[in-house]
Amino acid sequence: MTGTEERDAPRRLIVAANRGPVSFNDDPSGKPIVTRGAGGLVTVLTAMLRKRPGLWVATAQSDEETRLAARGEAVEVTLEGDTYRVRYVAPDPETYFRYYNIVANPILWFIQHYLWDLGWHPDIRENELLAWREGYVPVNRMVAEAMLDEIAGAGERHVGVVHDYHLYLASSTVRRGAPGVFLQQFVHIPWAQSDYWRILPREMREAVFNGLLANDIVAFHTSHYVDNFLSCCAELLDLEVDLRRRAVLFHDREVWVRAYPVSIDPETLAAPAQDQRVLAEERELLSRRRDYLLVRVDRLDLSKNIVRGFLAFDRFLDLHPEFKERITFLALLQPSREDVEEYVEYRRRVLRTVEQVNTKQGTTDWMPIDLRIQDNFPATLAAYRNYDALMVNAIFDGMNLVAKEGAIVNRRHGVLILSENTGAFEELSAFCVPVNPFDIEEQAQAIHRALTMPTRERRALAEQIRAVVACNSIDKWIAAQFADIEAKLESS
Ligand code: F6P
């Protein structure tokens, strides 16, 4: 290639995330079964790599991925007819445990969702500091080194996009090793206000901010998180911040801070929603259906506010006994982070609350809350198709794709009850029944309002949500990011 050709060639994309595109599940035959990797991030990243091929760096989550990591080079994995190039890194189990189960979850996750009850938690002791130094730091370094290794093979004409809170330190290592590479980091969870970040010891806090500011662009889902991040840069680091241009000056480099609200690809839900397994789940669901169906679909996570949702339902039944025996609250909860103590305790609370509400309100013939702790996408799609109201009452949530998926798949003009602290609220506030996630009284009223809304109004709201989702498509999400990457490259 000549110098000009090389300059004009599109930059090669390298994405890095904690999880890879697929999960390898053990099969008695000995050959692992490949399924889609867990979580919403995997769905949007696979969509991005289908549009813009590149390489994916991920940590190994299974024995098969550990074997693939040992090759020390990218491998090809195929999912639903698409092939992805993935470079796995495999920290030893103790290092990974410290990185994922002590630092990323709960410390960073809890800070960013305001989940610590500060009179009681967290206690940051030697165990947490060790987890940082001997877990979070080395795993980030391993991911960064894999990225650098790939970059070294083809010069610095790359765009590296690092995803989420597991990997806040990776970009600073990549920047040191390849100063000319273009780097973006996408933070998929909320960004807390500055005082709450003071929970994190200075050593960790400075490393998090230095890592993020090693990027050319730092991305969030909403303008509110952009504002919070910019205020943190000014208040915690005393950096020069241009609020109007949403830029931070850091070591003579300008870092742009931008919002790109992520969405879903309606087409990828349309075909599976007609799948035989979904239709079988739907038949089962309809055979049990009462007059009304309230649904929630979440990971079993404290940030999702599951317990308050059940308490609100209990209150709703107290206030409106005419709904007794005529409604089911179907809660589909995916098990999550089961090695983290706070999640284990929360699961117990969820189970206890369901038992209490069902004992208090239920009858021999009727179980008000139907709780299913499972990872079953066909059952989720069947529930999406049939809800009358969908409860999304998260304490805080980066975006919340359930709100968007539900509206696309639903066939009953179902009403969305949406927490004002979700990222999705920036786009959907006018088309939902809004709730304060802490106000159980308001959530009880919201359930009633959603279920008694005239059909014309329900239809109008559902159509408007579908229009927003169709307009703010995943294609638009991807295009907006690459447009800014081009603009930033041109401006520097
Ligand atoms: O919301 C942030 C996020 O990392 C998502 O990308 C993902 O869907 C979810 O959390 C799942 O987390 P975990 O990888 O811990 O299961």
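Whatever order the structure lists them in is the order used to number ligands and atoms, beginning at 1.
Between Arg198 and Asp195 a salt bridge is recorded (basic side-chain N to carboxylate O distance below 4.0 Å). Taking 4.0 Å as the cut-off between side-chain N and carboxylate O, Asp439 and Arg308 do not count as a salt-bridged pair. At a threshold of 4.0 Å, the pair Glu73-Arg87 does not count as salt-bridged, since none of the basic side-chain nitrogens sits closer than that to a carboxylate oxygen.
A side-chain N or O of Thr35 and one of Asn25 form a donor-acceptor pair less than 3.5 Å apart. One side chain, Glu282 or Asn386, offers a donor N or O that lies under 3.5 Å from an acceptor on the other. Using modelled atom types, one finds a donor on one side chain and an acceptor on the other under 3.5 Å when comparing Gln184 with Gln481.
The closest heavy-atom contact to atom 10 (O) of ligand 1, among the options His163, Met399, Gln334, Arg337, comes from Arg337. With atom 2 (C) of ligand 1 as the reference point, the heavy atom nearest to it among Leu45, Thr43, Asp164 is part of Asp164.
By the 3.5 Å distance cut-off applied to N or O atoms, Gly40 is counted among the residues near ligand 1. Checked against a 3.5 angstrom limit, the closest N/O atoms of Arg19 and ligand 1 fall inside it. When only interatomic distances are considered, the shortest N/O to N/O separation between His166 and ligand 1 does not fall below 3.5 Å.
In the vicinity of Leu41, heavy-atom distances shorter than 4.0 Å reach the ligand 1 atoms 6 (O), 8 (O). Those atoms of ligand 1 with a heavy atom of Tyr100 less than 4.0 angstrom away are 13 (P), 14 (O), 15 (O), 16 (O). Listed by atom number, the atoms of ligand 1 under 4.0 Å from Gly39 heavy atoms are 8 (O).
Contact annotation for Phe186 and ligand 1: no heavy atom of the residue comes within less than 4.0 Å of the ligand. Contacts between Ile189 and ligand 1, counted as non-hydrogen atom pairs separated by less than 4.0 Å, involve the side chain only.
Between Trp197 and Phe209, the ring planes lie perpendicular to each other; the angle is over 60°, past the 30° to 60° tilted range.
Between Ala382 and Glu281, the closest heavy-atom pair is CB-CB, 3.8 Å.
Residue contact check for ligand 1: Gly398 places no non-hydrogen atom closer than 4.0 Å to it.
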